[in-house]
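This report concerns only the one structure given below.
Below, chains carry the letters A, B, ... as their sequence lines are ordered, and counting in each starts from 1.
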Amino acid sequence: MLDLKLLRTDINDVALRLKRRGFELDVNAFTQMEESRRVLQQKTQELQAERNSKSKSIGQAKAKGEDITPLLQEVDGLSEALKTSEQALNALQDKLNDMLLDIPNIPHETVPEGKSEEDNVEIRRWGEPRQFEFVAKDHVEVGENIGQLDFESAAKISGSRFMILSAELARMHRALIQYMLNKHTDVNGYQEMYVPYLVNADSLQGTGQLPKFEEDLFAIREHEGTSQQYYLIPTAEVPLTNIVRDNIIPPDQMPKRFVAHTPCFRSEAGSYGRDTRGMIRQHQFEKVELVQIVRPTESHQALEALTLHAEGILQDLNLPYRVMSLCAGDIGFSACKTYDLEVWLPGQEKYREISSCSNFEDFQARRMKARWRNPESGKPELVHTVNGSGLAVGRTLVAILENYQQADGSVKVPEVLQPFMGGKTSIL
RNA sequence: GGAGAGGUGGCCGAGCGGCUGAAGGCGCUCCCCUGCUAAGGGAGUAUGGGGUUUAUAGCCCCAUCGAGGGUUCGAAUCCCUCCCUCUCCGCCA
């Protein structure tokens, strides 16, 4: 959510900066609503003040034993007018709030100009794609050839966009999770967290998935006799970031760095034709997520650091990748700036997204009322939130299958994973 | 699943229809006193919003006692719904 004050004072500039990401802010609608809100609020508060003072004098008169009938007559009708005014104000405020919740974050000035994926800018590249002495297969073929990747059974059990891993491949999947968690906790200074996979609507609104992107989520059916609606998390960002919702964090507890491994569930409603083959785009996948809650002055530095933490995993696995700075038209709704990490996939001869690292500045914090006490002012101020995948586990497994495949159909086990796989160096 | 007790400021805790945005205590900040430490005395200490102001400070006003409705001239206090916590019984990985 954007700062209401900023919208009030500088709406044209905000509109201009939002235009960079292709969002048309309805300046007139906003200005008009905001103006009538102001007028209505003043009127309502006047009525409230009148009611309060009249009620007080009724109380005082009553205490002295005086006749209160004339006072009651004075107050007659006031409560009716107040109710009408309050209802109108609430309705308008809700409308204004709905509009505010649908406005995306303002792209940072360092975010490149552009409309789509095509305009993203490569920042750096690491590793040389391997030269194959045979035609590289894609991960589906590699996995199915060793008999440890099964989409057919998964489709029978659940449907499309699910998979079953078995034997060494299932173990390697688990090894990746262990390796990532260990590295981020032991080396990079994150605190490991275990978090809920079902969350409420408030949490999703806090991080920005709701109200706008409900169709991307899996919702649990409502149970009788309760008003509680649960959603399956689309990313651990939701529970991890919402840990600090409605909190005022003491300065000595800043920054907070969280890491968690969770499954993620996405309906993939808008991507029917895309990546239907393989495990690139699944309804259910595992991810190790990094989240930092930082002082406002430190968030951009934190984004750089966090991106390097995610890159470190790719380097440890010796997987070639590049870092892309997403252009204004391609960054996510809540993000102010985003780096995508794209890993080289020999089967597709393409770089594909394996991690997305973003700085949200105070956009999520404002929705969540997540604040810290700034010792300089003594006042609670909004924190900044930063997060990124470190990494998407399924896609990492894809990258390993394709980059580590051998001519005989076997797959080498990356060195750093071998201790987690009983010393095994190759799977067949 | 059954029975009960609760949710109040940074924390503990009183209040159960008007003078309570909230007693008292702890913590914290500042000041005084004391050779240092300890102890003591005094003052202050929620958040959001509207108005005033060039702006801050200040001042005035409004809202907030788990959330949302209702009763009432007036609700932390009464009623309803929901959420959460705790205790006992049952069931269970």
Sort out the partner of [N] for me: Watson-Crick or G-U wobble, both distances under 3.5 Å, none otherwise.
N	answer
C36(B)	none
A46(B)	U64(B)
A14(B)	none
G4(B)	C86(B)
U52(B)	G58(B)
A76(B)	none

Is there a donor in the side chain of [X] and an acceptor in the side chain of [Y], or the other way round, less than 3.5 Å apart?
X	Y	answer
Q364(A)	E237(A)	yes
H384(A)	N359(A)	no
S203(A)	N200(A)	yes

Between [N] and [M], how far is it from one [atom1] atom to the other, in whole Å?
N	M	atom1	result
U45(B)	U53(B)	C1'	26 Å
A14(B)	G24(B)	P	15 Å
G15(B)	G25(B)	C1'	15 Å
U77(B)	G6(B)	C1'	15 Å
C11(B)	G69(B)	C1'	31 Å
C73(B)	G1(B)	C1'	46 Å
U54(B)	G17(B)	P	48 Å
C33(B)	G42(B)	C1'	11 Å

What contact category does [X] fall into here, base, sugar-phosphate, or nothing, at under 4.0 angstrom with non-hydrogen atoms?
X	result
R8(A)	sugar-phosphate
K43(A)	nothing
K369(A)	nothing
P250(A)	nothing
N200(A)	nothing

In this structure, how many angstroms lie between the [atom2] atom of [N] and the [atom1] atom of [X], rounded?
X	N	atom1	atom2	answer
L40(A)	A63(B)	CG	C1'	15 Å
Q41(A)	U64(B)	CD	C1'	14 Å
Q48(A)	G50(B)	CD	C1'	11 Å
Q45(A)	G51(B)	CD	P	9 Å
Q42(A)	C61(B)	CD	P	16 Å
R51(A)	A63(B)	CZ	P	6 Å
L82(A)	A63(B)	CG	P	9 Å
N97(A)	G48(B)	CG	C1'	13 Å

Output field: ring centroids F333(A)/F363(A) closer than 6.0 Å: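 Yes; F363(A) has its ring centre under 6.0 Å from that of F333(A).
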Show, in sequence, the C-alpha distance, side-chain angles and deciding distance for R37(A) and K95(A), and conclude whether the side-chain contact (heavy atoms from CB on, under 4.5 Å) test is met. CA-CA 10 Å; R37(A) 191 222 94 237; K95(A) 222 172 124 189; over 6 Å; no
Using a cut-off of strictly less than 4.0 Å, decide whether [X] has a side-chain nitrogen or oxygen near OP1 or OP2 of [N].
X	N	result
K83(A)	U71(B)	yes
R38(A)	G49(B)	no
N52(A)	G18(B)	no

Contact nearer the 5' end of RNA chain B, comparing E50(A) with R371(A):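 This one resolves to R371(A).
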Residue mapping more 5' on RNA chain B - nearest nucleotide basis, S53(A) or E34(A): E34(A)
Nearest to side-chain heavy atoms of [X], which nucleotide of [options]:
X	options	value
I58(A)	U47(B), G49(B), C73(B)	C73(B)
K62(A)	C62(B), C73(B), U47(B)	C73(B)
Y230(A)	C84(B), C62(B), G48(B)	C84(B)

Test: R38(A) and E35(A) ion pair at under 4.0 Å: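 A salt bridge is present here (some side-chain N lies under 4.0 Å from a carboxylate O).
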Closest heavy-atom contact between M368(A) and R245(A)? O-CG, 3.2 Å
Main-chain N/O of L78(A) paired to R51(A) side chain as donor or acceptor, under 3.5 Å: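 Looks like no, no N/O pair under 3.5 Å.
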